[in-house]
Amino acid sequence: MNDLNLSTPGWPAPAPSTGEVPERYFGVWSRTLLETPDTRDTTTLVRWMQLGEWHVDLRVPQSPDRPLQGFSGTTRITQVGDKEMCTWQRLVDYQPPRATVDEGWMEFETTERVLERGIHSTYFEIWDRLSGSVGKRIALSEPARDDGRASARIFVSGNYLMRVRPCEPIGPAFEITFGSWDGGVFRIEASTVGALRGTVETLELRQVDGGRAVVTAAGHVGEWGVLEWWAGALDRI
């Protein structure tokens, strides 16, 4: 973590860092099963991107009668006896704030599959890591915008990218978007903004130094802050 002011518009400052998340968690995870006492879900598209500290989560149900969900923030892994607890600090949330802390017991069944069990409620989830989602780890923060809208964040893990732009009140403008990203081309697979799904954008990132990066999107060039950048040499990617 660098010395940037991380409390940009729409984003409260995170709690002090407790160290990098273990490497086994890095990547994009697809939830293949959710079981609760009342529900069994295998159809909702769920993507959890985990970087060294930052995470993004997007949940798009097949049925329009079920709500969209998504959030972003920082992650902490804690060893409790012989168990491993994951805590997701939700700095922004598409849904109203939770009544309880978002925590779960985590168990790696294999290197590519992790099982999650609820701590504050009863649930069981299976997460499988997407192929090609390990490698680059980038988290960028847009500076305060002149138009007063909430600042965006961009997160990259391997060949995937997620973009988050919160808003108040929560509604159609609150964006959490997921897709593949290769050669500066962002192919959007899922989003809280329905009009973005299935579209393609040009999006290039170039690190300037440890704290700054240049983002080129739709012909607009801007300097963003670096929250994380693990991608090898300082270069355009």
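All heavy atoms count here, side chains included; hydrogens, waters and symmetry mates do not.
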> In chain order, what residues pass the side chain to side chain donor-acceptor pair (under 3.5 Å) check against S30, with sequence neighbours excluded?
Replying inline: R47
> For E103, which residues count as a side chain to side chain donor-acceptor pair (under 3.5 Å) partner, sequence neighbours excluded?
Replying inline: T87, H120
> If we only count heavy atoms from C-beta on, is the Y25 to I77 side-chain gap below 4.5 Å?
Replying inline: yes
> Any donor-acceptor pair under 3.5 Å linking the side chain of T199 with the backbone of L196?
Replying inline: yes
> Remaining members of L34's ILVMFWY cluster at a side-chain heavy-atom cut-off under 4.5 Å?
Replying inline: Y123
>> Which residues pass the salt bridge (Lys or Arg N to Asp or Glu O under 4.0 Å) test with D147, not counting sequence neighbours?
In response: R145
>> Which residues pass the side-chain contact (heavy atoms from CB on, under 4.5 Å) test with R187, not counting sequence neighbours?
In response: S180, V185, V200
> Judged by atom type as modelled, is there a donor-acceptor pair below 3.5 Å linking the side chain of S63 to the main-chain atoms of D65?
Replying inline: yes
> Taking only residues at least two apart or on different chains, which pairs with a member in residues 115-127 satisfy salt bridge (charged side-chain N to carboxylate O under 4.0 Å, His left out)?
Replying inline: R31-E125, R59-E125, E107-R117
> Got a sec, which hydrophobics cluster with L115, joining ILVMFWY side chains under 4.5 Å apart, including via others?
Replying inline: L33, F124, I126
> Who are the side-chain contact (heavy atoms from CB on, under 4.5 Å) partners of R24, not counting sequence neighbours?
Replying inline: P22, E84, F108
>> Taking CD in E23 as the centre, count heavy atoms belonging to other residues, nucleotides or ligands within less than 6.0 Å. Is the count above 12?
In response: no
>> Assess the residue pair R197 and E189 against the criterion (salt bridge (charged side-chain N to carboxylate O under 4.0 Å, His left out)); give the C-alpha distance rounded to whole Å, side-chain angles, the decisive distance to 0.1 Å, and a yes or no.
In response: CA-CA 6 Å; R197 298 172 199 166; E189 299 176 20; over 6 Å; no
Could you go through residues 218-225 and list every donor-acceptor pair under 3.5 Å that involves a side-chain atom there, pairing it with any protein atom two or more places apart or in another chain?
| residue | atom | partner | partner atom | Å |
| --- | --- | --- | --- | --- |
| E223 | OE1 | R212 | NH1 | 3.4 |

> Got a sec, which residues hit side-chain contact (heavy atoms from CB on, under 4.5 Å) with N159, two or more places apart in sequence or on another chain?
Replying inline: K136
> Taking only residues two or more places apart in sequence or in another chain, which ones pass side chain to side chain donor-acceptor pair (under 3.5 Å) with T43?
Replying inline: D41
> For T74, which of Q89, R90, H55 qualifies under side-chain hydrogen bond (donor to acceptor under 3.5 Å, both in side chains)?
Replying inline: Q89
>> Under the rule for side-chain contact (heavy atoms from CB on, under 4.5 Å), what residues qualify as partners of S157, not counting sequence neighbours?
In response: V28, M49, L51
> With distance as the sole test, does S191 use its side chain to make a donor-acceptor pair with the main-chain N or O of G194 at under 3.5 Å?
Replying inline: no
